[in-house]
Amino acid sequence: RDKQYADFQKIFKDLDVPLVCVCGNHDVGNSPTQQTVQKYRSDFGDDWFSFVCNGVFCIVINSQYYEDPKFVPEIAAEQDSWLDEQLKIAKSGKYKHSLVFQH
């Protein structure tokens with residue numbers, strides 16, 4: 001994975017458009033662990049987050065916590081709580097559209 005990360009950095013470092021990385025099974029495995037989640041976060045940043053683009057509310061989640069959270073139950077629960085709050089924001093009527101991204 002380290003070689004793939006180096007290749008990714010090399011190719012995308014001069015990208016002139018915004019890039020949103022969405023965590024998935026190739027990043028943290030089918031059964032995420034503390035180590036794989038920390039490695040992803042260290043390399044790419046948060047594995048769940050939200051942002052607004054041109055009036056559209058975007059929510060990015062790490063769907064691997066729904067696949068198999070047995071090694072990271074606290075992280076999975078933290079994302080669930082955060083997602084509940086984000087969905088309230090999405091339903092607030094403040095944004096013209098809301099999108100959820102997952103891998």
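Nothing here was measured: the structure is a model prediction, and the numbers come from that model. Hydrogens, waters and symmetry mates play no part in the numbers below; they use all other heavy atoms, side chains included.
Looking at every heavy atom in both residues, V22 comes nearest to Q102 through CG1-C, 3.6 Å. Pairing each heavy atom of K96 with each of V56, the nearest pair is CE-CG2, 4.2 Å. In plain terms, the two heavy atoms of P32 and Q64 that are nearest each other are CG-CB, 3.6 Å.
Side chain of Y40 to main chain of D47: no donor-acceptor pair is present (N/O by atom type, distance under 3.5 Å, no hydrogens or angles).
Every residue two or more places apart in sequence or in another chain was checked for a ring-ring contact (aromatic ring centres under 6.0 Å, His included) with F71, and none qualifies.
No continuous path of hydrophobic side-chain contacts links F49 to V72 [ILVMFWY only; heavy atoms under 4.5 Å]. Under the 4.5 Å side-chain heavy-atom criterion for ILVMFWY residues, a single connected hydrophobic cluster contains both L19 and Y5. Following chains of ILVMFWY side-chain contacts shorter than 4.5 Å, one cannot reach V17 starting from V60, and the two form parts of different hydrophobic clusters. Under a hydrophobic-cluster definition in which Ile, Leu, Val, Met, Phe, Trp and Tyr are linked whenever side-chain heavy atoms come within less than 4.5 Å, directly or via other members, F101 and V37 are assigned to different clusters. If you chain together hydrophobic residues whose side chains sit under 4.5 Å apart, Y95 and L87 fall into the same group.
For the pair I89/F57, a side-chain contact is recorded, criterion being any heavy-atom separation below 4.5 Å from C-beta on. Contact check for F44 versus C23: no side-chain heavy atoms found under the 4.5 Å cut-off. In this structure, the side chains of V28 and Y65 stay at 4.5 Å or more apart for every pair of heavy atoms.
Summarising the geometry, atom NE2 belonging to H97 is positioned 11.0 Å from atom SG belonging to C58; distances are rounded to the nearest 0.5 Å. The line from SG of C21 to CG of D46 is 11.5 Å long, rounded to the nearest 0.5 Å. The distance from the CD atom of Q38 to the OG1 atom of T33 is 10.5 Å, given to the nearest 0.5 Å. Note that NE2 of H103 is 12.5 Å distant from CD1 of I61, once rounded to the nearest 0.5 Å.
Ring-plane geometry between W82 and W48 is classed as tilted, the angle between the planes lying from 30 to 60 degrees on a 0 to 90 degree scale. Using cut-offs of 30° and 60° for the angle between ring planes, the F8 and F12 rings count as tilted.
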Using atom types as modelled, flag every donor-acceptor pair under 3.5 Å from a side chain in residues 74-81 to any protein atom, sequence neighbours excluded.
unit_1	atom_1	unit_2	atom_2	d
Q79	OE1	N62	N	2.8
Q79	NE2	N62	O	3.2
D80	OD1	Y66	OH	2.8
S81	OG	A77	O	3.3

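Atom CD of Q4 sits in a sparse spot, with 12 or fewer heavy atoms from other residues, nucleotides or ligands closer than 6.0 Å.
A salt bridge links K3 to D7: at least one charged side-chain nitrogen sits closer than 4.0 Å to a carboxylate oxygen.
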